[in-house]
2 protein chains.
Amino acid sequence: MDLQTVILGFLNDGPLTGYELSKRMDASVGFYWHATHPQIYTTLKSLAKKGLVDFTMEYQSGAPNKKIYSITDAGRDALFRNLQSETLKDEVKIPLLVAMYFGGELGPQYWRELLANHLDAQKAVLEQYRSLCESLPQTDPDRDLKQFLRYKTLDFGIGYQQFLIRWLEDILKEIGE
Amino acid sequence: MDLQTVILGFLNDGPLTGYELSKRMDASVGFYWHATHPQIYTTLKSLAKKGLVDFTMEYQSGAPNKKIYSITDAGRDALFRNLQSETLKDEVKIPLLVAMYFGGELGPQYWRELLANHLDAQKAVLEQYRSLCESLPQTDPDRDLKQFLRYKTLDFGIGYQQFLIRWLEDILKEIGE
DNA sequence: TTAACATATATAATATATTACATATATTTC
DNA sequence: GAAATATATGTAATATATTATATATGTTAA
């Protein structure tokens, strides 16, 4: 899986500008695949060079012009070929766990404070996912598999946050809030 | 958080060669911070250049020589400074979720098979973490905070796998195994 | 005894990603 | 009216990471 495939996936739903792509990504796939905007712009450029996407210019008087990107037939082929040939190996970096593994010497007071702050932040993220969830229609897999699977990726995010929050609360109980 | 800090963290427990570092990482911190061996060797080199680690050569007749790396006082300072100045923002890439988000068109049969295979693989990972867990002493935070926090990072891995497995099983039930 | 695998250390080429810089307008807030 | 923020698009410099290549020995299994 790479950013190219992610971008092709978004464009398979309809044409988008780089900016719209970036915003849409942050609001959906973002929590399990993040990309910054320079990355998105450069990847769009290289996808266009390969003929997997093309774009039309929308000239605007006053505001900067827009490049509206669309997926090509070759792009659609590449998308589904890539989706099926994936190793599905996660790439995960969780700095909190690294800090916990190596930072025992920082003392209980340090960890009480840091974990309490982290807990608050994670609760806020959970609420964010929950409000996103309300705006998403929940369907059964036989009616609309695509929508069902998309719903399930958000469900993953909610379940993960719940697990994280419980785990943090357990530790705080043990080291004494 | 960066690989430099992770390596300094390991060396703070005692001297290691690049190879040992790589193996130890895979067997502990690996599931929340992974690095390949070329990355480790080049990072060790740059840490040495900065004076945060040094090394002694162990000349071996027959077998290749070993470079045994140790952390310096400056390295220890850098380690604890870095550990405390972290943003703690996760960097997570989960290809399975991306594939689910974009791959609804691949059909229910495709997803049944893929998710069932993924479930088996994740169960194997859970067993691996569990056997690791048995060899690790569980202490209370007042007696040995360092060991307690290390234990908790493994506990996180186990809890995460359990959540993942339940989530996959739920989906398989819904799309009909 | 030959092949395969594990130990051990690296470099080179390439790919990917981040941070800082750069520009320009519209809208909202003080 | 000025400042801040959002929209919108990009480049440059740098940092980080992966894959392939290279070398050389010890150990284990067919």
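Chain identifiers are assigned alphabetically (A, B, ...) following the order of the sequence lines, protein sequences preceding nucleic acid strands; residue numbering begins at 1 within each chain.
Protein atom CE of Met1(A) is 13 Å distant from nucleotide atom P of dA17(C), rounded to whole Å. When the P atom of dA8(C) is taken as reference, atom NZ of Lys66(B) falls 5 Å away, rounded to whole Å. If you take NZ of Lys89(A) and P of dA17(D), they are 14 Å apart, rounded to a whole angstrom. Rounding to whole angstrom units, CG of residue Asp2(A) and C1' of dT18(D) are separated by 13 Å. Rounded to whole Å, atom P of dT16(C) lies 6 Å from atom CD of Gln4(A). Following rounding to the nearest Å, Ile40(A) (CD1) and dT16(C) (P) show an atom-to-atom distance of 15 Å. Atom CD of Glu91(A) is separated from atom P of dT16(C) by 11 Å (rounded to the nearest Å). The separation between Leu44(A) atom CG and dA8(D) atom C1' is 13 Å, rounded to whole Å.
At least one side-chain nitrogen or oxygen of Lys67(A) sits closer than 4.0 Å to the OP1 or OP2 atom of dG10(D). Phosphate contact (OP1/OP2 of dT18(C), side-chain N/O of Thr36(A), threshold under 4.0 Å): present. Between Gln39(A) and dT18(C) there is a side-chain N or O to OP1 or OP2 distance below 4.0 Å. OP1 or OP2 of dT9(C) lies within a sub-4.0 Å distance of a side-chain N or O belonging to Tyr41(B).
Contacts between residues 11-27 of chain B and DNA chain D, counted as heavy-atom distances below 4.0 Å, involve no residue at all.
In this structure, Phe148(B) and Arg143(B) have side chains that are not in contact, with every pair of non-hydrogen atoms separated by 4.5 Å or more.
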> Run the side-chain hydrogen bond (donor to acceptor under 3.5 Å, both in side chains) check on Tyr151(A) and Thr139(A) step by step: do they pass?
Replying inline: CA-CA 8 Å; Tyr151(A) 181 85; Thr139(A) 54; over 6 Å; no
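A salt bridge does not link Lys123(A) with Asp120(A): every distance from a Lys NZ or Arg NE/NH1/NH2 to an Asp or Glu carboxylate oxygen is 4.0 Å or more.
Closest to the His37(A) side chain, of the nucleotides dT16(D), dA17(C), dG10(D), is dG10(D).
In terms of position on DNA chain C, the residue among Lys45(B) and Lys93(B) whose nearest nucleotide sits closer to the 5' end is Lys45(B). Each of Pro38(B) and Thr43(A) was assigned the nucleotide of DNA chain C with the nearest heavy atom; the assignment lying further toward the 5' end belongs to Pro38(B).
Counting only distance, with no hydrogens or angles, the side chain of Gln161(B) and the backbone of Gln122(B) share a donor-acceptor pair below 3.5 Å. The backbone N or O of Phe10(B) lies less than 3.5 Å from no partner atom in the side chain of Arg24(B), so there is not a single donor-acceptor pair.
Other residues, nucleotides and ligands contribute over 12 non-hydrogen atoms within 6.0 Å of the NZ atom of Lys146(B).
Between the side chains of Gln147(A) and Arg150(A), no donor N or O sits under 3.5 Å from an acceptor N or O.
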